Q: 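I am attaching a structure below and will ask some questions about it afterwards.
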Amino acid sequence: MKAKIKPRINLEGRTPLQDVIPLNTPFVVFVDPASACNFKCPFCPTGHRNLIDETGRFQGAMKLDLFKKIIDDLSEFDKPIKVLRMYKDGEPFLNRNLAKMIAYAKQSGRVEYIDTTTNGSLMTPERLAPVLEAGLDKINISVDGMNVEQYKRFTGFDFDFEAFVSNVKWLYANKGNCEIVVKIPRELITEEQCQEFYDTFGDHCDRIFIENFAPCWPEFDVEAHTGFEIKEGIYQQPVTPTDTCPYIFYAMSVNADGLVSSCFLDWGRKLLIGDVRKQSVKAIWNSGEMNALRRLHLEGKRCQNPVCGSCGQLSHCLPDNIDAYRDELLPKFLAHAGDNISPDVPGMTARKRMPEPV
């Protein structure tokens, strides 16, 4: 097998956050090309149409002009961001401008690395070739079964599995410098199919891994929706609680309509901190709303926030752990933020109706 059995997360060479917080420039910016998905996976809030309708969140693709504005805004930072993550709530390939977006970001000089995650259903050579040519650095491919029947049962989608395997092979043969990662949830396949998974994809990707379901989505019970009991972390590691969210100190997420969430897991739009249609990315990164949430975490009060308090990402998904450094980081952060800390914390104030997309 050519591929390394290795999870998609990069654990090597990580910057110790306690040495760099507070950051003038985010390391990572998530930008969601599409907030909708053609799958109805039970482990993901987006797969529950009625649940998403209740949030009032925009369902659709990001406009190219809005994406360009986001990338242009990055020029206000003193250096390029490390990673542009082209995914969040939906299926990125539902956006027909995905390749143009990647190319624009790459050519901007404001982004060092671009990756995306896809369910692979729209991943044809015709769609993949422009994305590769645009300069995509990494693509994570989620496999949701090893045959048509399993896909239909889990995703509700009539999936052409043989064509999918053929497309993965084409991608690997034509990938250039793009890293190909293939992953599957262990809960969806039999013991025998674990080896079949490796045999099918192991020579046609750079990394391959069998993950576990994880209760990462706040206010969404993965066990109840899937019927599976979760005993390990997503990468088969022991569950280790982490109290302070590290992500809000190095990343933020732009939703498909331009509303900005402090967290890439904010499926319900309860952690909104700004709107790139009306504000710059830098202004939102340094906003009073974002700073209020950061202070809450550094003060050890994460669980007072009803959204952050129910997040399983911090226990099941190997986050950076800065708990031991809170006492020394808090005064540094307060000096950096100054008076720019909102009295209201996202997720703890009365929710207002979200602005209509423009």
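Counting from 1, the numbers follow the sequence of the chain as shown. Just so you know, these numbers come straight off a predicted model, no measurement behind them.
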Q: Mind checking the CZ-CD1 spacing from R326 to I21? Nearest 0.5 Å is all I need.
A: 12.0 Å
Q: Short question: side chain of D206, backbone of I180 - any donor-acceptor pair under 3.5 Å?
A: yes
Q: Using 30° and 60° as the class limits, which term best fits the ring planes of F39 and F159: parallel, tilted or perpendicular?
A: perpendicular
Q: Taking atom CD1 of I71 and atom OH of Y104, what is their separation to the nearest 0.5 Å?
A: 8.0 Å
Q: So, R186 and E232, do they make that salt bridge, N to O below 4.0 Å?
A: no
Q: Treating S253 as the side-chain partner and F30 as the backbone partner, does any N or O pair qualify as donor plus acceptor under 3.5 Å?
A: no
Q: Applying ring pair (Phe, Tyr, Trp, His ring centres under 6.0 Å) between H225 and each of F43, F220, W217, report the one that passes.
A: F220
Q: Please confirm whether R127 makes a cation-pi placement over W170, using NZ or CZ under 6.0 Å from the six-membered ring centre and within 45° of the ring normal.
A: no
Q: Is it true that a side-chain atom of D137 and a backbone atom of D115 form a donor plus acceptor pair closer than 3.5 Å?
A: no
Q: Can you tell me how far CZ of F93 sits from CG of N95, rounded to the nearest 0.5 angstrom?
A: 10.5 Å
Q: Is a side-chain donor or acceptor of W285 paired with a backbone partner of L23 at a separation under 3.5 angstrom?
A: yes
Q: Same cluster or not: are V239 and I9 linked, directly or through other Ile, Leu, Val, Met, Phe, Trp or Tyr residues, by side-chain heavy atoms under 4.5 angstrom apart?
A: no
Q: Does a salt bridge link K69 with D73, judged by any charged N lying under 4.0 Å from a carboxylate O?
A: yes
Q: Inspect the contact between K152 and D158 and indicate whether a charged nitrogen and a carboxylate oxygen are less than 4.0 angstrom apart.
A: yes
Q: Check this for me, if you would: do K63 and D65 make a salt bridge, where the nitrogen-to-carboxylate-oxygen distance has to be below 4.0 angstrom?
A: no
Q: Check the orientation of H204 and Y172. Use parallel for under 30°, tilted for 30 to 60°, and perpendicular for over 60°.
A: perpendicular
Q: Please determine whether a side-chain nitrogen of the Lys or Arg among R269 and D89 lies less than 4.0 Å from a carboxylate oxygen of the Asp or Glu.
A: yes
Q: Calculate, to the nearest 0.5 Å, the distance between atoms CG and NZ belonging to D144 and K183 respectively.
A: 7.5 Å
Q: Donor-acceptor check, side chain of R302 to backbone of C308, threshold 3.5 angstrom: yes or no?
A: yes
Q: Answer yes or no for K82 and F27: cation-pi contact, defined as NZ/CZ to six-membered ring centre under 6.0 Å and angle to ring axis within 45°.
A: yes
Q: Indicate if V181 and V165 have the same hydrophobic cluster label, given that clusters are the connected sets of ILVMFWY residues with side-chain heavy-atom separations under 4.5 angstrom.
A: no
Q: Determine yes or no for a side-chain-to-main-chain donor-acceptor pair under 3.5 angstrom, with R57 supplying the side chain and S35 the backbone.
A: yes
